[in-house]
Amino acid sequence: MWDWLKQNGLSPKSFYRTSGLCLPWLTVLFLGCAGFGLIDGLYIAPADYQQGDGFRIMYVHVPSAFAAMAVYFAMAICAVLTLVWRVKLAAVCMSCSAPIGASFTFLALVTGSIWGKPMWGTWWIWDARLTSVLILFFLYMGFIALQSILAEQHYRDRACALIALVGVINLPIIHYSVIWWNTLHQGPSISQLAKPAIAPSMLYPLLAMIAAFFLFYLSVLFMRMRNQILLREKHTHWVREVVLS
Amino acid sequence: MSRNNTLLFQGVSYALASGQVLSVRGANGIGKSTLLRILAGFIEPQQGSVSYDNQVIFQDVAAYQHGIHYLGHDNGVRQYLTVYENLTFYAVLNDRVLSTSQCNEVIQRVGLWAFRDTQALCLSAGQLRRLSLAKLLLRPAPFWILDEPTTALDDQGQQILADLINQQLQQNGMVVMATHQDIALTSKPNVLRLGS
Amino acid sequence: MTLFFSLVSYELRITMRQAFSWVTPLVFFIIVICLFPLSIGTHSALLSEIAPGMIWVTALLAVLISIGSLFRTEDEEGSLSLLLLSPYPLSVLVFAKIASYWLTHCLPLICVTPLLGFMLHLPALQVLVLCLTLLLGTPALCLLGAIGAALLVGIRGNGLLLPILIMPLYIPILIFGTSAVLAASQEQPLSAYFAIMGAFTFMSVAMAPILTAVALRMGVSQ
């Protein structure tokens, strides 16, 4: 079963075919979700009684922070598939995910900092969540730097997989130690910002935006992967057929 | 087999019997070293397989590697250890108990007696090569893989190498080596030419 | 076990014969620490407040700068294949190497820390706690750094890549190391800090040698 999957379902060639079929649907779904989320979130949902319209940046900040974490975990899963079962497609997925995840992380940092200005009166605050996202950004940077310096592809895939794995093991430890450090140094002044349960009228657009971010990730990922597969398999027959047709 | 997206060689097939020596030849950059590293179990070939004693070596690389000697391009000598210490270090790594007299004997055999307590840092390229040949004597292994063993060796050094290989063949061992030069062996080596 | 100790003794002998390799990080450590009073002033309250963090960050940098060469000489000499072809598990051999690295590169730093602590007007109790946290934490730094060093073995010009790769992983150690000294200054109990750092170090001991061995095997196959 597994061998069959590796041969057929997970081979670069069949992925190239199926992803080509999926891509238009993913894009349409993404546009739908993003359209609904943005219109509902930015115009229809009521303003926050404390923060006014400033909170609306949440519709970008929260999904991007969420997606940034999720992409890193997806990369770690691909890393296991690469190291243990040597699934070629997983290595492609991992290396193509990294820049997207790093962009999400960057977006989360920028929006978090913009959000911080009206909330805390300063562009940057060493808040536990922001700091963890910053460290996640560093982890992404390390991964991308390693990827760019290694020339031999097979080794690059495996080395990057190893570092992604080490990163994901450490991520929870880093996260909790940062939270703990934050409470030690900042005192309880931050905790008043802990939001009360969110109103449904605010929640639905948020969920739509989270879905939109994941669909965006998938569609960009598929595009990058298709590109990368063509490049990696350029010596094979089927790529020549695809390119020449 | 390809490295850095350059195809090195394909369709190489050979069977070597015990007591035989195979000399791999071919132009620089053709992939001789890569082939030897595959044989040593360091690199898995992209296609095809390597079998030893009817066992595919990559099923249990560790067990296979215990039975081989691999001398690479680099001599595998610790620069800051003396000749004597290099050999004892090698013995420790390979779980061999080595008495001082045994060790001295090996050093004499490769003609480095005068440099017994010199750090490898101060040895010449040919002397380093001799030191790395000495490792062949420390541990019996049925299969030797030698990458350009003649490099930097003088006439006497080449004779030592030839004696070592002849002795190995007499004991029904196997030798695969990449060379550009002929070595005075008792039996004529089989030749595998890459890239022709 | 005898294997472990004899390997450590060989490594120590090699390091002692090239004194610059272990003296350089030590001198780096001392010089960088001395730069801080020169740049931010010699106000003793300020210095003693930032001293723990300063010493920790500098120790971390000293490790990061030197650990990149952990396997480099072996790679150049070709003696990595000796380790790979040895019948012993590679992780044990690697662990012996990391242990001797710690003895020659981190222990000297810890030995001069009391001196630097007093120069920065740190009270004696805090100096003691600082040394203890370094003693507990630096092995983890070396172990994690070894993974990166193994991954980058054979890659020229990797000077700044290793710190980028490994530094984020050092953050928990840094946080708990400096917090313990802070807690000592406020006369709070310290056992929790030591327990957490010990746990982190033990986790590194369990995992890092294996991952380093995996990385080394990958490296030679490139």
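This is a predicted model, so every value here is computed, not measured. Chain letters run A, B, ... following the sequence lines, proteins first, then strands; residues in each count from 1.
- Only the backbone of C/Ala150 comes within contact range of chain A, judged by heavy atoms closer than 4.5 Å.
- Proximity to chain C is absent for every atom of A/Leu136, based on heavy atoms less than 4.5 angstrom apart.
- For the set C/Ile175, C/Ile147, C/Ile164, the entry with the most heavy-atom pairs within less than 4.5 Å of chain A is C/Ile175.
- Taking the side chain as every heavy atom from C-beta outward, A/Phe143 and A/Tyr72 never approach each other to under 4.5 Å.
- For the set A/Ile173, A/Val178, A/Leu171, A/Leu165, the count of heavy-atom pairs under 4.5 angstrom toward chain C peaks at A/Ile173.
- Proximity to chain A is absent for every atom of C/Met167, based on heavy atoms less than 4.5 angstrom apart.
- The only option from A/Arg224, A/Met223, A/Met75 that meets the side chain to side chain contact (heavy atoms under 4.5 Å, CB included) definition with A/Cys96 turns out to be A/Arg224.
- Formation of a donor-acceptor pair under 3.5 Å by the A/Ser19 side chain with backbone atoms of A/Phe222 is not found in this model.
- A donor-acceptor pair is defined here as one N or O able to donate and one able to accept, closer than 3.5 Å; no such pair exists between the side chain of C/Thr42 and the backbone of C/Pro37.
- Using cut-offs of 30° and 60° on the angle between ring planes, the pair A/Phe216 and A/Phe30 is tilted.
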